[in-house]
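Step one of this worksheet: look at the structure below.
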Amino acid sequence: MNRILVGAQWGDEGKGKIIDVLMESTDVVVRSQGGNNAGHTVEVGDKKFVLHLIPSGILRAGKKCVIGNGTVIDPLALIGEIQGLTNKGIKTLNRLFISDRAHLVMPYHRLKDAGREDSSKSKIGTTKRGIGPTYEDKVNRTGLRVHDLLDPKALRAKILDRVLLVNQECRANKWKQVKAEEIISDYLKAARFLKPYIADTVLMLDAFSRKKQSMLFEGAQGTFLDIDHGTYPFVTSSNTTSGGACTGSGVPPNAIDQVISVMKAYTTRVGEGPFPTQTEELGDLLHGMGREFGSTTGRARRCGWFDAVLTRFSTLVNGVDEIALTNLDGLDSLEKIKVCVAYTLRGKKILYPPSSIDDLKLCQPVYKIFPGWKKDLSGIKTFSTLPKTAQSYVKALAELTGARIRIVSVGPKREQTFFLK
Ligand code: IMP
């Protein structure tokens, strides 16, 4: 069984924890897009792990993890993550494989990302990890790929060549100059460390597939951060929707059996861009509980009511079969809970988000109000023992989203998860 897992909203839906739970019945977990802009938090026993580039499946002993060709890899950040896991007793050698076709995030990509964000009047609110500029070089056909790390002479020549051009841009923008020799030395050192992890993962995944090993494609970010289907231009630079899992891994579409979408029982977003259901009431409540701070940048996430206009579109564009609903317990203390069932745009009711960001800014949510359950859900183990009001809320979200709910999560721990029949 090969499954793709995607985020239904703007990322941070709790995918890391769901992946960790699904890994029990999976052999191989694959990342196919994005880079260390992602942040997946998993709590196992009394240990908390925050993973950025390495798939969350690494926390399950013996499972294999692949970082596919569609990702962008900052080698120094990846080494830091590997060392962090090693220090916590997690083995990565012969379990973690990185695609030789993935693109390398270079120090000048990070510099450009931060430089643009700091000086631009129309900020995207990026994570400043260099993700956009790396994908830009990929599409421009001027990027460096992981296999370049394996050829020191070619790596040196490519870096010298690129840095000449990059420094012209730096001068024009009054950014600090980058030093080619420093980058060459750091990347050659990184290459020695990473060499045993580098593989032709397309052939490797094909071999796993032939051996009937089950694969789980771990989506990063969420549907509305997708470069094509998201709230452009306030998006990331890769395809976060289910189609991206195939192009980003080299596994063909006919090998996929199921798409699972992870959605929060409310909505959050980090970074800039319109957010029709954003409300301070929910933001103050969740931040006051110590929740909804970004695991990559520490930024307070913007919070809003559940938006079915978004999740309805997400079901359509991802081909969602089943939903994992997370953070239901975040709403425990509320008397009344609002759910956006449609938007009005220029006096017309619409059920799907408009393509234009300027139109999205004009959209007004149409709300349906649900009674709260005013009960601590963190210890609930089955759907039937949820308060009736919580059951009705969950059922309504499924109906509005157009797919069946299979998993409900009521806390950060593995045990705080239950499956619906
Ligand atoms: P970038 O991916 O760093 O270029 O950032 C582009 C947009 O995507 C910004 O609004 C970021 O806050 C957002 N973003 C990137 N990665 C994540 C994530 O893992 N979770 C939530 N938002 C993200």
Side-chain angles (χ1 to χ4, degrees), residues 5-19 31-42 49-56 67 70-74 77 81 103 105-106 108-118 120 122-139 143 218-241 244 248 261-264 266-275 278 286 291-304 307 310 314 326-327 357 360:
L5 184 132
V6 291
Q9 295 148 326
W10 275 294
D12 307 314
E13 295 92 351
K15 295 181 292 293
K17 179 201 147 159
I18 301 298
I19 289 155
R31 268 285 299 269
S32 56
Q33 45 74 223
N36 62 329
N37 49 347
H40 291 163
T41 308
V42 185
F49 297 86
V50 182
L51 297 155
H52 297 284
L53 195 51
I54 300 179
S56 321
I67 304 180
T71 63
V72 290
I73 297 178
D74 180 332
E81 224 173 302
H103 274 250
V105 178
M106 306 299 289
Y108 48 81
H109 291 136
R110 283 199 308 273
L111 191 89
K112 273 192 198 181
D113 197 358
R116 286 179 193 167
E117 277 292 302
D118 294 340
S120 163
S122 47
K123 292 186 199 317
I124 304 285
T126 74
T127 58
K128 299 186 183 172
R129 298 294 188 270
I131 306 301
T134 308
Y135 278 114
E136 245 175 80
D137 273 0
K138 172 177 174 172
V139 175
E218 164 173 337
Q221 292 87 42
T223 299
F224 292 92
L225 290 173
D226 184 283
I227 186 78
D228 286 285
H229 302 293
T231 47
Y232 191 88
F234 299 99
V235 292
T236 191
S237 305
S238 62
N239 283 115
T240 60
T241 46
S261 143
V262 185
M263 64 186 202
K264 262 183 189 156
Y266 46 88
T267 315
T268 62
R269 140 162 242 182
V270 269
E272 305 301 318
F275 182 172
Q278 184 172 1
L286 294 162
R291 300 169 81 120
E292 301 307 345
F293 292 93
S295 43
T296 299
T297 57
R299 290 179 287 182
R301 295 177 186 141
R302 299 157 64 195
C303 302
D307 186 341
L310 299 183
S314 166
T326 63
N327 289 270
I357 203 76
L360 184 62

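Both ligands and their constituent atoms are indexed starting at 1 by order of listing.
Among protein heavy atoms, the minimum distance from atom 3 (O) of ligand 1 is reached at T127 OG1, 2.6 Å. Looking only at heavy atoms of the protein, atom 17 (C) of ligand 1 is closest to Q221 CG, 3.4 Å. The protein heavy atom nearest to atom 2 (O) of ligand 1 is T236 OG1, 2.6 Å. Here the heavy atom of the protein found nearest to atom 9 (C) of ligand 1 is G125 O, 3.2 Å. In this structure, atom 19 (O) of ligand 1 lies nearest to the protein heavy atom A38 CA, 3.3 Å.
Between the side chain of D137 and the main chain of G143, no donor-acceptor pair closer than 3.5 Å is present. A donor-acceptor contact shorter than 3.5 Å is absent between the side chain of R110 and the backbone of K128.
Between I131 and N36, the closest side-chain pair of non-hydrogen atoms falls below 4.5 Å.
Each of R299, R302, K264 was scored for a salt bridge (charged side-chain N to carboxylate O under 4.0 Å, His left out) with E292, with one residue passing: K264. Shown are E218, K17, R31; of these, the side-chain hydrogen bond (donor to acceptor under 3.5 Å, both in side chains) with H40 is made only by E218. When each of L225, I227, D226, T231 is checked for a side-chain contact (heavy atoms from CB on, under 4.5 Å) with H229, only D226 meets the rule.
The nearest non-hydrogen atom to atom 6 (C) of ligand 1, considering only V235, D12, L225, comes from V235. Residue nearest to atom 5 (O) of ligand 1, selected from T126, T231, N37, T268: T126 (by heavy-atom distance). With atom 22 (N) of ligand 1 as the reference point, the heavy atom nearest to it among T134, T297, D113, V270 is part of V270.
Contact annotation for R299 and ligand 1: only side-chain heavy atoms (C-beta onward) come within less than 4.0 Å of the ligand. The residue F234 has no part lying near ligand 1, judged by heavy-atom distances below 4.0 Å.
Looking at R129 and D74, no side-chain N of the basic residue comes within less than 4.0 Å of a carboxylate O on the acidic one, giving no salt bridge.
With sequence neighbours excluded, the residues forming a side-chain hydrogen bond (donor to acceptor under 3.5 Å, both in side chains) with Q221 are Q33, N37, listed by chain and number.
Interface of W10 with ligand 1, defined as ligand atoms under 4.0 Å from a residue heavy atom, comprises 21 (C), 22 (N).
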